[in-house]
Amino acid sequence: RVRDAALRAAGEVLRPGCRSAWELAARLEQGIHRFETRVLPRLWGGAEIELGPLDFHLRRAYLAGAGVPKSQRALFELVRF
């Protein structure tokens with residue numbers, strides 16, 4: 001699925017320094033929360049903003065049309081090493 005591939009790519013951006021898939025899932029959960037509260041409202045408002053690699057992949061996940069998992073547990077299933 002497009003959404004899962006985008007979330008895995010977002011996980012790869014965050015992977016450096018992670019000692020486990022559980023830690024990576026926690027970082028991805030935080031990134032999704034930040035994206036939803038800070039970036040997504042600006043995109044919906046029509047703002048032209050330059051996205052970093054993480055936000056680029058998270059935007060792809062949201063545009064895929066399927067709900068984006070937000071819990072560490074659900075994200076863990078996607079990013080397991």
Side-chain angles (χ1 to χ4, degrees):
R1 290 166 66 179
V2 173
R3 179 203 70 185
D4 292 352
L7 289 172
R8 285 187 187 99
E12 288 303 316
V13 171
L14 298 172
R15 189 176 298 276
C18 287
R19 293 177 299 245
S20 68
W22 187 250
E23 181 180 348
L24 176 58
R27 291 179 71 186
L28 187 54
E29 178 186 38
Q30 292 169 354
I32 289 170
H33 177 73
R34 182 197 52 78
F35 180 81
E36 284 187 331
T37 58
R38 297 184 185 164
V39 179
L40 199 54
R42 293 176 65 197
L43 291 173
W44 283 339
E48 298 270 338
I49 57 176
E50 187 173 328
L51 299 175
L54 176 61
D55 291 338
F56 172 80
H57 294 299
L58 291 177
R59 180 175 180 262
R60 280 184 46 227
Y62 276 85
L63 290 176
V68 173
K70 297 173 185 134
S71 73
Q72 184 177 2
R73 179 73 188 142
L75 293 165
F76 173 77
E77 295 300 323
L78 288 172
V79 298
R80 283 196 276 191
F81 295 162

Provide the closest heavy-atom pair for [X] versus [Y] in the form atom of the first, atom of the second, distance.
X     : Y     : value
Trp22 : Arg73 : CZ3-CA, 4.1 Å
Pro69 : Ile32 : O-CD1, 3.6 Å
Leu51 : Phe56 : CB-N, 4.0 Å
Gly11 : Leu28 : N-CD1, 4.4 Å
Ala6  : Ala61 : CB-N, 3.6 Å
Ala21 : Arg80 : CB-CA, 3.6 Å

Working to the nearest 0.5 Å, report the span between CD of Gln30 and CG of Leu75. 11.0 Å

Using 0.5 Å steps for rounding, measure from the CD atom of Glu29 to the CG atom of Leu24. 11.5 Å

Is the CZ atom of Arg59 crowded by more than 12 outside heavy atoms at less than 6.0 Å?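 No, not enclosed.
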
Does a sphere of radius 6.0 Å around CZ in Arg34 hold more than 12 heavy atoms from other residues, nucleotides or ligands, not counting ones at 6.0 Å or beyond?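 Yes, because the 6.0 Å sphere around CZ of Arg34 holds more than 12 heavy atoms from other groups.
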
Does this structure show an ion pair linking Arg8 with Glu12, if we count only N-O contacts that are shorter than 4.0 Å? no

Please say yes or no: joined through hydrophobic side-chain contacts below 4.5 Å, possibly via intermediate residues, are [X] and [Y] part of one cluster?
X     : Y     : answer
Val13 : Leu40 : yes
Trp44 : Leu63 : no
Val68 : Leu58 : yes

Okay, side chain of Arg27, backbone of Leu14: is any donor-acceptor separation there less than 3.5 Å? yes

Show, in sequence, the C-alpha distance, side-chain angles and deciding distance for Arg38 and Arg42, and conclude whether the side chain to side chain contact (heavy atoms under 4.5 Å, CB included) test is met. CA-CA 7 Å; Arg38 297 184 185 164; Arg42 293 176 65 197; over 6 Å; no

